[in-house]
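Have a look at this one.
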Amino acid sequence: MKIKIGEKKIEKEFKEGKSFWELWKELKKDASLPLCVKVNGVIRDLRDEVEGKESIEFLFDGEEALEVLRHSASHLLAQAVLQLWPGTKTGVGPPIKDGFYYDFHRKEPFTSQDLEKIEKRMLKLSEQNMEIRREIWPKGKAIDYFRKKGQNFKIELIEEKAEGDVSVYAQGEFVDFCRGPHVPSTGYVKYFKILSVSAAYWKGDENRESMQRIYGTAFFTKEALDKYLHFLEEAKKRDHRKLGKALNLFLVSEEIGPGLILWLPKGGIVRKIIEDYWRNEHIRKGYDIIFTPHIADLNLWQTSGHLDFYKENMFPPMEKDNVSYQLKPMNCPFHIVMFKSKLHSYRDLPIRWAELGTVYRYERSGVLHGLLRVRGFTQDDAHIFCTPEQMEDEILSTLNFAREILSTFGFTEYDIFLSTRPEKFVGAIKEWDRAEDALKKALDRSGMEYEIDPGAGVFYGPKIDIKIRDVLGRTWQCSTIQVDFNLPQRFGIYYVEEDGKHQTPIMIHRALLGSIERFFGVLIEHYGGAFPLWLSPVQVEIIPITERNHDYALKLENSLRQAYVRVETDLRNEKLGYKIREAHLNKIPYVMVLGDKEEKEGEISLRIRGKGDMGRMRFSKFLNMLKEKIKNKGQEL
RNA sequence: GCCGACGUAGCUCAACAGGAAGAGCAGCUGAUUCGUAAUCAGCAGGUCAGGGGUUCAAAUCCCCUCGUCGGCUCCA
């Protein structure tokens, strides 16, 4: 039998019938305690019996053990809730990415005071260090037990999931239907925090009961827990809605409507910089820039099929002169009609048409969220019409293009997913295979790592999604590259082949930033509102020390403005410290302080955001440095 | 859309348990002309989200609507 303890490997004969727990006690040399064991690759309870010739690994930490710990924490939560409010019905309580939750059903809502009470009770239960035992019950016994307790959700789960005997876990008076595994006793769950409560449908079904879901998190050590709580605070500080208000970037107004964004001047200029960069790069990559209207004849949406499969996301049509017009939820049908307006030869392909197209989608009120989920937004859309042979190269260059653009905004880590054919799909399987193959080959050639998400493609074609990671390690869906078999057929578009035959082109939809609104929101959070120089709404703040220096300040302001530098001068009758503080709070990258000394020598005193006072330098030197840095679009100041 | 919480000055937030709406910042006016994260004084600013109800009396209690937040579901 092979046993692994941390990095150490031991070969040892061991008798059957003992538990891993006992085995550990015989082997252990120090006070460290494993949470669970991995037996032939499967995570098991320490209380399970050793069967003989397994390869055993004792787990002390790591992702798998953390999941076990959090799962046990969720049981602790349920036990605490049942002790505090007997009769509460319990649902499911799994570990999740950053912690765990447990679903409960009862009339009264849990208040934040209740959450505190629960946490205290959990602490007490942890201190009691109750044994956590797995028991195997006959199905009938389990159902009887939970019926007596009035736990109808548990019964539903047992009837669905259990085949023969039922695995339950018991700690003190609390028994839960659960597959496990768990830590050996409640004392293992020490460092945890109850975070929030919200609603969740039973089994995610809108038609079923609404449960109250209590979220929490748990870690191996106090340090790790504190680190995570600190991360939550940091994320809160970076909230784009908060920063958007503080930095006057954008506004959502009740008077305008929910999910509709007003771009204030400070945000507007950032958007302009992003869009200019975007357009210029597209032209450089062989795209053409096009524009299309915001509404179109309803018939267009009939042809495109959106009325069939997208209706619930569309605002209702408006009628005038016996024509119904539809506010557009997508740009693609316009581009298709434009393709159709001219006869295309295979020699024309690939055609790459890009548009910053503003679309409107009806989103259910509960899902709106700052800039990240809105009802009117501008997609950085493009459609590539190409031959099947060109598909792979086009996808590869799009991938590289995406990488280039995203890294300019400081995003260099991605999670990439290739989504393949779902159960419901249009087009021939042969086409799907070809497209999936092209996407896969392009990904392989790009050298980027990716995961395959089987069956997650859209009904009209397979796709690649790129999720970016921000400085806090959070992921955001932005870029998407989708092959479409549906629209070209529905609109009957074609190009003329070498031999004169008509051929349906491959259509690739792609967005790199996703939407300008969402991307801006992500950018704000990524940078914490402190934009790099090239994106900053105000790049240089000029602060004259006294009124005597106002003319000099205005002269330099003009020089900077003529060099296309975004500059503001603070002529207010305030002290230097006050103005510096304000520039700092506004996260302005460079501050030029101008007093009598500077004015006399044609110099400036420079402050750099995050670095402080850099001393004096000639204005001309500063200007050259500034222009160079803006041109380079660097992340550092 | 669903469940819960919340909505007070431009912003951030007070107002014990129903009894005359308050502070800081921002704004305006004046004084101060200042060397690296807040100078002082004065003034102005509110249909307490909107509507209805209970009460002698409502920011406060009840109902409805709208919006925001946390999630569910959905998603660029």
Side-chain angles (χ1 to χ4, degrees), chain A residues 101 103 105 107-112 114 195-215 236 239 241-242 245-246 248 251-259 310 312-313 329-331 357-359 361-381 458 465 467 476-480 482 509-519 521-522 543-550 572-586 591-598 605-609 612-616:
Chain A
Y101 67 78
D103 284 349
H105 187 80
K107 275 213 185 80
E108 304 73 25
F110 290 109
T111 64
S112 46
D114 289 343
L195 295 169
S196 63
V197 57
S198 61
Y201 300 112
W202 174 239
K203 292 181 179 167
D205 183 346
E206 285 186 44
N207 303 310
R208 294 296 307 266
E209 294 87 339
S210 182
M211 314 286 287
Q212 295 188 62
R213 178 168 294 177
I214 298 180
Y215 286 90
K236 224 178 183 173
D239 190 316
R241 294 164 299 187
K242 212 171 167 172
K245 210 175 252 181
N248 297 306
L251 189 69
V252 183
S253 163
E254 210 174 314
E255 288 177 86
I256 304 296
Y310 208 70
E312 66 279 14
N313 280 299
M330 293 191 185
N331 303 304
T358 304
V359 297
R361 298 182 184 173
Y362 174 76
E363 298 284 353
R364 300 164 107 189
S365 63
V367 306
L368 301 173
H369 182 93
L371 290 172
L372 301 180
R373 194 72 185 275
V374 296
R375 286 184 174 159
F377 59 97
T378 303
Q379 290 183 306
D380 69 313
D381 212 356
V458 200
D465 286 327
K467 295 188 180 180
W476 308 89
Q477 158 85 59
C478 290
S479 314
T480 183
Q482 308 181 350
H509 307 252
R510 47 107 286 188
L512 305 183
L513 309 178
S515 90
I516 303 291
E517 284 76 5
R518 171 183 283 180
F519 192 74
V522 173
I543 301 180
I545 293 178
T546 77
E547 255 172 51
R548 285 193 304 280
N549 313 114
H550 280 193
R572 289 177 307 172
N573 185 5
E574 293 290 350
K575 288 173 126 176
L576 177 58
Y578 180 92
K579 294 182 183 179
I580 285 177
R581 177 186 153 82
E582 190 139 303
H584 177 82
L585 291 175
N586 287 328
V591 173
M592 273 169 40
V593 175
L594 306 178
D596 294 338
K597 291 180 219 163
E598 288 80 6
S605 277
L606 181 64
R607 273 187 76 92
I608 301 182
R609 184 181 67 203
D613 190 353
M614 307 303 284
R616 276 153 61 180

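Residue numbering restarts at 1 for every chain, and letters A, B, ... go by the order of the sequence lines. In this text, all values refer to a predicted model and were calculated from it rather than measured experimentally.
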Exercise. Is B/U54 paired to anything, Watson-Crick or G-U wobble with both distances less than 3.5 Å, and if yes, which nucleotide?
Worked result: none
Exercise. With a non-hydrogen cut-off below 4.0 angstrom, is A/E363 in contact with a base, only sugar-phosphate, or nothing?
Worked result: base
For this session: Using the P atom as the reference point in each nucleotide, state the distance between B/U47 and B/C74 in Å, no decimals.
Result: 43 Å
Problem set entry | Aro-ring/base stack A/F110-B/G4, d under 5.5 Å, angle under 30° | no
Seminar exercise, completed: Under a 3.5 Å limit on both distances, the Watson-Crick or wobble mate of B/C40 is B/G30
For this session: Answer yes when A/R241 and A/D239 have at least one side-chain N-carboxylate O distance shorter than 4.0 Å, and no when they do not.
Result: yes
For this session: Under 4.0 Å between any heavy atoms, over every strand shown, what does A/G595 touch: base, sugar-phosphate, or nothing? Just pick one.
Result: base
For this session: From the options B/G70, B/U39, B/U36, select the nucleotide whose nearest atom is closest to the side chain of A/R241.
Result: B/G70
For this session: With heavy atoms under 4.0 Å as the rule, sort A/K245 into base, sugar-phosphate or nothing.
Result: sugar-phosphate
For this session: Indicate, with a heavy-atom threshold strictly under 4.0 Å, whether A/R572 touches base, sugar-phosphate, or nothing.
Result: sugar-phosphate
Problem set entry | Base-pairing mate for B/G4 - Watson-Crick or G-U, with both contacts under 3.5 Å | B/C69
Exercise. Do the side chain of A/R373 and the main chain of A/L368 share a donor and acceptor less than 3.5 angstrom apart?
Worked result: no
For this session: For A/E547, report the nucleic acid contact type (base, sugar-phosphate, nothing); a contact means any heavy atom under 4.0 Å.
Result: base
Exercise. Could a donor-acceptor pair under 3.5 angstrom be found where the side chain of A/R364 meets the base of B/U73?
Worked result: yes
Exercise. With a 4.0 Å cut-off on heavy atoms, is A/V374 in touch with a base, just the backbone sugar-phosphate, or nothing at all?
Worked result: base
For this session: Look at the side chain of A/R213 and decide which nucleotide, out of B/G70, B/C72, B/A5, has an atom nearest to it.
Result: B/C72
Exercise. When the distance from CG of A/D205 to P of B/U73 is rounded to whole Å, what number comes out?
Worked result: 11 Å
Exercise. Do the side-chain N or O atoms of A/H369 get closer than 4.0 angstrom to the phosphate oxygens (OP1, OP2) of B/G70?
Worked result: yes
Seminar exercise, completed: Among the nucleotides B/G35, B/A76, B/A38, whichever has the atom closest to the side chain of A/Y578 is B/A38
Exercise. Does a nitrogen or oxygen in the side chain of A/S210 sit under 4.0 Å from OP1 or OP2 of B/C2?
Worked result: no
Exercise. What does A/S605 touch in the nucleic acid at a heavy-atom separation under 4.0 angstrom: a base, only the sugar-phosphate, or nothing?
Worked result: base
Problem set entry | Nucleotide nearest A/V367 when distance is taken to its side chain, options B/A76, B/G71, B/G1 | B/G1
Problem set entry | Between B/U73 (P) and A/L368 (CG): distance, integer Å | 17 Å
Problem set entry | Complementary nucleotide for B/C25 - Watson-Crick or wobble, under 3.5 Å | B/G10
Exercise. Going by modelled atom types, is there a donor-acceptor pair between the base of B/G1 and the side chain of A/Y201 at under 3.5 Å?
Worked result: yes
Problem set entry | For B/C74, the Watson-Crick or wobble counterpart (both distances under 3.5 Å) | none
